[in-house]
Each structure stands twice: as C-alpha cells, then as structure tokens.
Amino acid sequence: MQMQVEAERRKRATVLESEGTRESAINVAEGKKQAHILASEAEKAEQISQAAGEASAVLAKAKAKAEAIRILAAALTQHNGDAAASLTVAEQYVSAFSKLAKDSNTILLPSNPGDVTSMVAQAMGVYGALTKAPAPGAPHSVSSGSSRDVHSTDASLDEELDRVKLN
C-alpha cells in the first residue's frame, strides 16, 4: 500500500511539474508576444513623429521661400530695384563662371565672356520680357519697372544668337 501511495505522489508531482513547465512556456510566449507588439507600436509612433517633423520642416521652408519672394518683389518695385537686380545677376554670372573654371577643364563660354555688361543686359532683357509677358489666361498688367527699352535688349539678344550661330 505504501508503494501505491508513493506512486500516486510521484504521479501528482510529475503532473504538477508538467503543468508548471507548460504555464512557464505560455508565460514566456505571452511575454515575447507583448514585447513584439510594443516594439511595433513604438516603431509606428516613431515613424509618425518623424513624418510630422519632416512635414513641418517642408512647410517652414515653403513659408520662408514665400516670404523671401515677397521681400524680393517689394524690393524690385522700389527706387533702383532694377539696378540691384542687375548687380545680383552680374555677381551670379561671375561666380558661376568662376565655379565652372574650378570644377571642370571643359567650359562652354559665350562669344564674349569678358563683356559682363552685355550678358547682364541680356539677362535683364529676358527678365524684363518675362515680367512684362502676361501669363496665359491672365489679364494684362502694367509693370512698374524702369524705362528700359526691352525691344533694344531683345534686338541685342537676337544679334548675340546670330553671332553664336555663325561661330
């Protein structure tokens, strides 16, 4: 009888150990599942936050660009605004050619690269034509610029094009 009681105890101990192992495995699996879910949610929140930050950066850049354009437009309509624009175009022209000279050993130059004034005149002619040309479908507007003769500038552009074609 003693052996039977001992066998019954071993049997219960084995069952209890088995149930303990099973519960332990279930707990470990549940823990891994929760960890995976939390990691996924954290990654999702991070991506949302990053996207929101990038969107606000794009918006801030767009607002800054719009404000810069407004300031530039106001400056161009003021006294000597065209002269300031001419100076800026000339500076950019010179810096662009100096950068080209540093970056590469092959440069395409205009027929007279030393004559910055004609290049600025050409650029301002294009600028003037663009500002005076109405947008398609837009009503014609009167430009409040200088009394610069756009037709003579256009003629000098045509002459420059003819010289380039001949060369």
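Bear in mind the structure is a predicted one, so any value in this text is a computation, not a measurement.
Judged by distance alone, the side chain of Ser40 and the main-chain N or O of His36 form no donor-acceptor pair under 3.5 Å. Although no hydrogens or angles enter the test, the distance criterion places no donor-acceptor pair under 3.5 Å between the side chain of Ser18 and the main chain of Thr14. Using a distance-only test at 3.5 Å, with no hydrogens or angles considered, a donor-acceptor pair links the side chain of Ser95 to the main chain of Glu91.
Within the structure, salt bridge (Lys or Arg N to Asp or Glu O under 4.0 Å) contacts touching residues 46-71 (residues at least two apart or in different chains) are Glu67-Arg70.
With rounding to the nearest 0.5 Å, the separation of OG1 in Thr88 from CG in Leu72 is 8.0 Å. Residue Asn27 holds its CG atom at 10.5 Å from CZ of Arg22, rounded to the nearest 0.5 Å. Taking CD1 of Ile48 as the start and CD of Glu43 as the end, the distance is 11.0 Å to the nearest 0.5 Å.
Side-chain contact between Glu8 and Gln4 is absent, with no heavy atoms from C-beta onward closer than 4.5 Å.
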